[in-house]
2 protein chains.
Amino acid sequence: MVKKPVTGMKDILPREMEIRDYAIGLIKETYKKFGFTSVETPCVEHIENLSSKQGGENEKLIFKILKRGEKLRLEDAQSAADLVDGGLRYDLTVPLCRFYSNNSNELPSPFKALQMGNVWRADRPQKGRYRQFMQCDIDILGEPTNLAEIELILATSTLLGKLDFTNFTIRINDRRILRAMVDYAGFVPVAAPAAEDTEAESKAADTVDYDGIFITLDKMDKIGLDGVREELISAGNSEEVVDKYLDLFQKVTPDIAGIKFLKDTLGEFLSDEVADGLAFIIENVEASKEAEFKMAFDPTLVRGMSYYTGPIFEISMDEYGGSVGGGGRYDEMIGRFTGQATPACGFSIGFERIVMLLLERDYKVPGSAEKTAFMIEKNMPADKMAKILAIAKEKRAAGECINIVMMKKNKKFQKDQLTAEGYTEIVEYFADRDI
Amino acid sequence: MVKKPVTGMKDILPREMEIRDYAIGLIKETYKKFGFTSVETPCVEHIENLSSKQGGENEKLIFKILKRGEKLRLEDAQSAADLVDGGLRYDLTVPLCRFYSNNSNELPSPFKALQMGNVWRADRPQKGRYRQFMQCDIDILGEPTNLAEIELILATSTLLGKLDFTNFTIRINDRRILRAMVDYAGFVPVAAPAAEDTEAESKAADTVDYDGIFITLDKMDKIGLDGVREELISAGNSEEVVDKYLDLFQKVTPDIAGIKFLKDTLGEFLSDEVADGLAFIIENVEASKEAEFKMAFDPTLVRGMSYYTGPIFEISMDEYGGSVGGGGRYDEMIGRFTGQATPACGFSIGFERIVMLLLERDYKVPGSAEKTAFMIEKNMPADKMAKILAIAKEKRAAGECINIVMMKKNKKFQKDQLTAEGYTEIVEYFADRDI
């Protein structure tokens with residue numbers, strides 16, 4: 001028998017579980033106040049749905065589940081694909097779209113979904129990243145207006161505030177602004193360089209490579225403006241276009257004035273609605289936020305997934321380098337399941353990172369009950385035992401935590417252990433004394 | 001894309017999730033008052049551990065996970081076993097034993113574990129039984145005395161009481177009483193009948209077939225005393241022995257007097273400790289129980305798993321035919337992982353059955369917040385929108401649930417839908433009126 005958990009997954013001990021349980025309770029309580037309702041999908045999903053190109057790189061990381069019984073024909077199998085019909089979900093968004101298409105008749109519109117559940121990705125194991133981790137998503141399905149973005153950001157930031165996070169920033173951008181800036185600069189399709197190991201000639205592209213430009217732009221905080229310039233030019237774009245493009249980033253400010261600047265500058269390339277919508281979101285969140293945090297317009301924010309269609313956002317925290325959550329609008333994804341376009345917008349918090357940050361700062365779960373241990377001498381007569389249990393019953397009913405343990409020979413060690421577990425009071429009961 | 005969930009698993013809608021979330025919260029709160037602490041193991045477990053014969057029939061129902069990358073050698077695979085290195089856990093007990101053996105250095109002794117998590121079994125799909133379901137187990141590891149059984153039964157029954165279940169019975173027996181009754185009756189090894197499709201002669205057994213006798217005894221409530229008699233005799237046991245055995249069941253009463261009767265009658269076949277221990281458990285639970293329920297001694301209670309070594313128990317509920325939970329002592333299982341015997345005792349409640357019963361009786365989750373919907377006319381100016389959001393912020397901070405939705409053309413339908421969702425108050429906001 002193997003004692004360690006499977007590669008890349010972990011056992012979770014009581015200390016961490018206390019924080020997780022508390023955070024899960026608080027998340028549900030907070031989001032429900034914003035009108036979200038819990039739903040759940042199976043952890044196992046159809047392999048077809050997981051391989052539908054919605055998941056980007058995550059589709060390479062699927063834990064696949066073997067077909068069962070007669071369906072498994074090892075002798076006829078040409079490849080792994082012939083052996084599997086399911087997989088563990090790698091996110092909660094693809095299953096939510098399936099869920100919505102399967103159950104929309106029974107759901108209100110708009111539908112405000114709260115999902116908390118494990119997802120699995122066979123990533124290379126590394127410190128602090130595991131192959132099973134909890135995701136926590138809120139999504140509003142069927143709401144085309146920016147009310148969705150406002151409510152998602154208010155709910156998420158209120159939650160972080162309740163977990164005592166204050167110095168965070170929610171950066172926001174819009175996929176349509178990203179595209180408009182590229183269009184305004186005048187990027188044209190460029191030939192992709194021929195792959196070295198083929199005879200094929202370099203193929204002329206027939207559309208502008210937006211995603212390629214965004215991937216470079218996304219590195220701004222790492223390689224700086226000069227690095228981005230160099231990379232765009234070596235990709236075959238003209239210096240003139242690239243400089244016109246990057247000039248925008250030097251002039252824009254990370255606020256509503258910045259959005260207004262782009263609205264004025266980009267002209268016909270950007271519809272007024274998009275710029276006004278983004279400003280509307282920031283204004284309303286700033287005016288009615290409960291937590292202490294900043295909203296910032298960030299025209300370099302890209303977000304990896306190509307399914308986003310409108311506003312996108314991400315949470316940055318000073319005490320943690322990376323993102324602790326993000327989301328955006330994905331108006332076209334549900335239509336791929338249902339054939340009927342359904343506006344959708346979601347916000348996911350990095351549950352594991354938040355738990356990690358709370359553990360690091362030695363977070364004390366508020367409102368924990370007083371913990372008392374009853375130590376009972378061996379061979380306690382039944383009548384006295386009943387008395388002790390009656391006392392425990394009363395205290396538990398009154399909300400106290402009472403742990404009853406048998407007294408050990410090394411009482412000192414036992415008491416130290418109980419104290420380390422958080423028992424602030426220890427009561428000893430002896431068989432030959434009155435109770 | 002496939003809209004339905006995978007075979008045998010289900011999407012969970014808000015109505016059921018509300019009850020599940022409430023039950024999960026109550027379970028954690030209640031069990032923590034008894035000194036239990038949450039732990040979690042990965043849903044994926046080593047295939048070796050899942051195939052270690054601890055799981056009985058469940059081992060045939062494992063969802064197996066394909067090896068990844070270079071480890072997967074389809075061309076060399078002789079059987080499915082060569083393709084898999086993990087599986088979805090079919091219960092929480094096997095993973096708990098691995099967990100304890102992996103982490104015992106960091107855990108107190110005794111260790112009181114609370115686990116809530118999904119398990120998977122590829123059972124034939126049938127009404128009300130799913131291939132993914134939640135289990136909820138409490139276990140006390142490292143406590144040899146009957147204090148463990150008492151605390152487990154008190155905690156579980158207190159929880160059921162808080163969920164408004166009252167007319168239930170916890171039936172209790174002891175594996176050692178089961179064996180002592182067989183020994184007392186004088187059962188001897190009998191030859192197993194030769195399998196029809198082999199040439200092999202019938203093999204003479206060299207030990208009494210306890211498990212076979214228990215499987216028959218377990219049918220008492222279905223086939224009655226006569227049916228059990230017939231089956232035991234056709235299995236090759238003598239009439240005299242079978243009648244001596246069954247005579248015990250006719251004389252024994254379902255209470256402490258019944259235990260005392262067996263203690264007196266079975267004599268040397270049953271150690272006094274076992275009978276006294278069982279009586280001690282019943283007495284103490286009866287004296288200090290918080291919920292309204294009955295304890296009953298049931299000498300026909302068998303419990304399927306062969307790993308039980310001492311007291312076993314099961315919850316019966318009048319409004320539900322089958323069992324809604326059970327457990328017992330399994331003192332030898334952890335030793336198989338660690339090489340060091342560790343007493344262990346657990347109680348598992350049938351979470352899915354309990355949720356089903358609550359749904360059927362249209363259970364109202366207590367203490368739900370008042371739910372108010374704000375309906376907002378389209379094109380609300382930013383300054384008025386901010387005012388509305390400020391009102392929502394205040395009410396949410398005060399504990400209310402406020403759902404903000406855009407007003408639709410068919411306002412009547414929209415209001416009916418919100419009412420059906422539980423919104424008792426609906427406030428309309430218009431763009432051209434003062435807020």
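In what follows, chains carry the letters A, B, and so on, assigned in the order in which the sequence lines appear, proteins first and then strands, with residues in each chain numbered from 1.
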Can you say whether [X] sits under 4.5 Å from chain B via the side chain, the backbone, both, or neither, judging by heavy atoms?
X        : answer
A/Cys97  : neither
A/Ala392 : neither
A/Val84  : side chain
A/Ser109 : both
A/Asn118 : side chain
A/Leu74  : side chain
A/Leu88  : side chain
A/Leu72  : side chain

Worksheet entry | Best-contacting candidate, A/Glu286, A/Arg98, A/Met1, against chain B by heavy atom pairs under 4.5 angstrom |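 Most pairs with chain B among the choices: A/Arg98.
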
For [X], is it the side chain, the backbone, both, or neither that has a heavy atom closer than 4.5 Å to a heavy atom of chain A?
X        : result
B/Glu400 : backbone
B/Ile388 : neither
B/Lys10  : backbone
B/Thr145 : side chain
B/Leu418 : neither

Heavy-atom pairs under 4.5 Å with chain A are the metric here; pick the option from [options] that has the most.
options                             : result
B/Thr41, B/Ile140, B/Leu147         : B/Leu147
B/Lys4, B/Glu29, B/Lys112, B/Arg336 : B/Lys4
B/Glu143, B/Lys162, B/Met380        : B/Glu143
B/Ile12, B/Ile376, B/Asn403         : B/Ile12
B/Asn102, B/Ile65, B/Val2           : B/Val2

Worksheet entry | Spatial distance of atom NZ (A/Lys395) from atom SG (A/Cys401) [nearest 0.5 Å] |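 Atom-to-atom, A/Lys395:NZ and A/Cys401:SG are 12.0 Å apart.
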
Worksheet item: Hey, are the side chains of B/Thr37 and A/Met17 touching, using non-hydrogen atoms and a 4.5 Å cut-off?
Response: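 No - every pair of side-chain heavy atoms lies 4.5 Å or more apart.
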
Worksheet item: Do B/Phe99 and A/Leu13 come close enough that some side-chain heavy atom pair is under 4.5 Å?
Response: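 A side-chain contact under 4.5 Å exists here.
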
Worksheet entry | Note: A/Glu40-A/Arg89 ion pair, threshold 4.0 Å (strictly below) |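 So A/Glu40 does not pair with A/Arg89 through a salt bridge.
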
Worksheet item: Side-chain donor-acceptor pair under 3.5 Å between A/Asp82 and A/Gln78, yes or no?
Response: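 Distance-only check fails for A/Asp82 and A/Gln78.
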
